[in-house]
Amino acid sequence: MRLFIGIFIVLIFSSNKIMAQFNYDNSWKKITALEEKGLPKSALEVVNDIYAQAVKDKVPAQQIKALIYQMKYNAEINDSSTLQNLQKIEKQTATATGPQKAILQSIRAEMLYRYFQYNRYRFYNRTAIAGDEGTDVTTWGAERLHQEITTAYQASLSDREMLEKTSLTAFDAIIVKENTRQLRPTLYDLLAHRALEYFKSGEAAITNPANQFELTDPAAFAPATTFAAHRFTSTDSTSLQYHALLILQELIRLHAGDKAALLDVDVERIGWMNQVAVMEN
């Protein structure tokens with residue numbers, strides 16, 4: 001189960017909701033037909049209509065889906081799409097609230113992370129600018145970019161209580177359905193695992209801090225309840241591994257009463273600890 005982003009990954013249409021005044025399914029079918037004919041500009045016109053209607057109908061999932069497609073077609077049509085799309089997502093995030101805002105923050109984080117991955121070679125030859133507060137991602141150094149990615153993912157999970165109470169059903173239109181819904185039923189599950197893809201990656205700034213975090217605490221392999229209650233410490237506030245630890249702890253606490261879901265996340269935890277832990281045996 002994962003969120004789809006049309007710019008980056010394969011899309012699967014899964015929305016079955018039909019509004020009385022506007023048929024979203026039919027509109028998305030039109031877009032599919034236009035894509036097959038290689039007509040992104042025409043498809044964008046239909047997407048713009050969907051977005052406007054979704055705003056009017058107050059349907060967040062359709063708004064987000066349309067926004068994703070707007071950015072996708074902008075990337076196909078416009079050479080300067082990277083900066084424009086980031087500005088678009090930031091503008092939408094600034095005015096959004098609740099679950100919609102959290103999803104947009106997660107999307108922004110992924111967009112920045114993909115940008116880093118596609119342009120990695122450039123960052124190793126770029127000197128960081130002290131006190132850089134610019135908004136043009138093309139001028140950022142690796143350290144600034146990783147800070148922005150980390151902040152965006154953390155922001156997407158900041159209202160934990162709200163996310164844990166939010167079912168994924170209302171967002172089926174933007175979810176690639178897999179067989180993990182029962183194991184990851186809440187919006188927190190979805191966004192937390194999206195964040196974990198980055199935090200578990202091991203990506204780091206070019207210049208590592210002198211106090212770089214290393215996972216040497218044996219509690220990393222403790223039984224689930226002990227692990228979830230343990231207080232891991234780090235003097236390296238930028239450590240991606242440390243942030244991953246905290247998210248895994250929260251997921252285990254969230255599913256403490258659900259054996260199947262608990263087992264799913266605990267298997268992930270143990271497997272990852274085997275990869276990154278630095279200790280004897």
Side-chain angles (χ1 to χ4, degrees), residues 1-37 39-78 81-111 114 152 155-159 162-163 165-178 181 185-191 194:
M1 177 183 66
R2 62 191 190 280
L3 190 70
F4 76 64
I5 298 184
I7 299 171
F8 309 123
I9 57 180
V10 177
L11 302 169
I12 297 178
F13 301 120
S14 59
S15 174
N16 294 316
K17 182 177 291 187
I18 299 176
M19 305 298 292
Q21 297 83 9
F22 189 87
N23 193 311
Y24 288 99
D25 281 350
N26 285 348
S27 295
W28 287 115
K29 288 176 183 177
K30 290 179 183 178
I31 290 170
T32 301
L34 291 168
E35 280 196 350
E36 291 173 350
K37 295 177 181 178
L39 299 172
K41 291 184 179 180
S42 298
L44 179 58
E45 291 178 2
V46 181
V47 169
N48 290 339
D49 291 340
I50 294 175
Y51 181 82
Q53 188 66 42
V55 171
K56 181 180 178 181
D57 293 337
K58 297 181 179 179
V59 185
Q62 292 292 344
Q63 290 180 42
I64 295 170
K65 184 174 181 178
L67 175 63
I68 289 169
Y69 274 81
Q70 286 175 332
M71 293 189 295
K72 173 187 176 181
Y73 295 133
N74 187 39
E76 294 180 11
I77 297 169
N78 195 325
S81 61
T82 298
L83 186 57
Q84 290 181 356
N85 284 340
L86 282 169
Q87 291 172 339
K88 179 183 284 288
I89 201 76
E90 288 166 1
K91 181 179 179 180
Q92 296 297 322
T93 302
T95 58
T97 59
Q100 183 177 7
K101 188 180 188 73
I103 292 172
L104 291 174
Q105 288 167 327
S106 183
I107 291 174
R108 178 177 181 268
E110 182 176 349
M111 290 173 67
R114 298 299 183 190
S156 75
L157 300 175
S158 61
D159 196 342
M162 177 271 292
L163 296 174
K165 293 179 180 178
T166 302
S167 170
L168 291 177
T169 303
F171 296 96
D172 277 349
I174 54 171
I175 294 175
V176 177
K177 290 186 177 179
E178 297 175 351
R181 178 61 64 91
T186 73
L187 187 55
Y188 183 84
D189 287 294
L190 177 62
L191 298 184
R194 282 174 54 79

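The chain is numbered in sequence order, starting from 1. Atoms considered below: every heavy atom in the structure, side chains included; atoms not considered: hydrogens, waters and symmetry mates.
Side chains of Tyr24 and Gln53 form a contact here, defined as non-hydrogen atoms less than 4.5 Å apart. Using a 4.5 Å heavy-atom cutoff, the side chains of Glu35 and Pro40 are not in contact. Within the 4.5 Å cutoff, side-chain heavy atoms of Ile50 are placed close to those of Ile31. Ile174 is listed as a side-chain neighbour of Ile103, based on a closest heavy-atom distance under 4.5 Å.
Residues Asp189 and Thr186 have side chains that bring a donor and an acceptor to within less than 3.5 angstrom of each other. For the 3.5 Å distance criterion, the side chains of Asn74 and Gln84 qualify, holding a donor opposite an acceptor.
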- Passes side chain to side chain contact (heavy atoms under 4.5 Å, CB included), Arg114 versus Met111? Steps please. CA-CA 5 Å; Arg114 298 299 183 190; Met111 290 173 67; 5.9 Å; no
- Message: With side chain to side chain contact (heavy atoms under 4.5 Å, CB included) as the criterion, how do Lys65 and Gln70 come out once you've worked through the C-alpha distance, each side chain's angles and the decisive distance to 0.1 Å?
- Response: CA-CA 9 Å; Lys65 184 174 181 178; Gln70 286 175 332; over 6 Å; no
- Item | Intermediate values then yes/no, salt bridge (charged side-chain N to carboxylate O under 4.0 Å, His left out), Arg181 and Asp172 | CA-CA 11 Å; Arg181 178 61 64 91; Asp172 277 349; 2.9 Å; yes
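Using a 30° and 60° split on the angle between ring planes, Tyr69 and Tyr73 fall in the tilted class, from 30° to 60°.
Panel note: side chain Gln63, backbone Tyr51; no donor-acceptor pair is recorded below 3.5 Å. Put simply, the side chain of Asp57 never gets that close to the backbone of Val59: no donor and acceptor are under 3.5 Å apart. No side-chain donor-acceptor contact under 3.5 Å links Ser106 to the backbone of Ala102. A distance-only check finds a donor-acceptor pair linking the side chain of Thr32 to the backbone of Trp28 [under 3.5 Å].
Taking 4.0 Å as the cut-off between side-chain N and carboxylate O, Glu45 and Lys41 do not count as a salt-bridged pair. A salt bridge between Asp49 and Lys30 is absent, with no side-chain N of the basic residue lying under 4.0 Å from a carboxylate O of the acidic one.
Residue Ala152 comes nearest to Arg108 through the heavy atom pair CB-NH1, 3.9 Å, listed as atom of the first residue, atom of the second, then distance. Ala54 approaches Gln62 most closely through the heavy-atom pair CB-CB, 3.7 Å.
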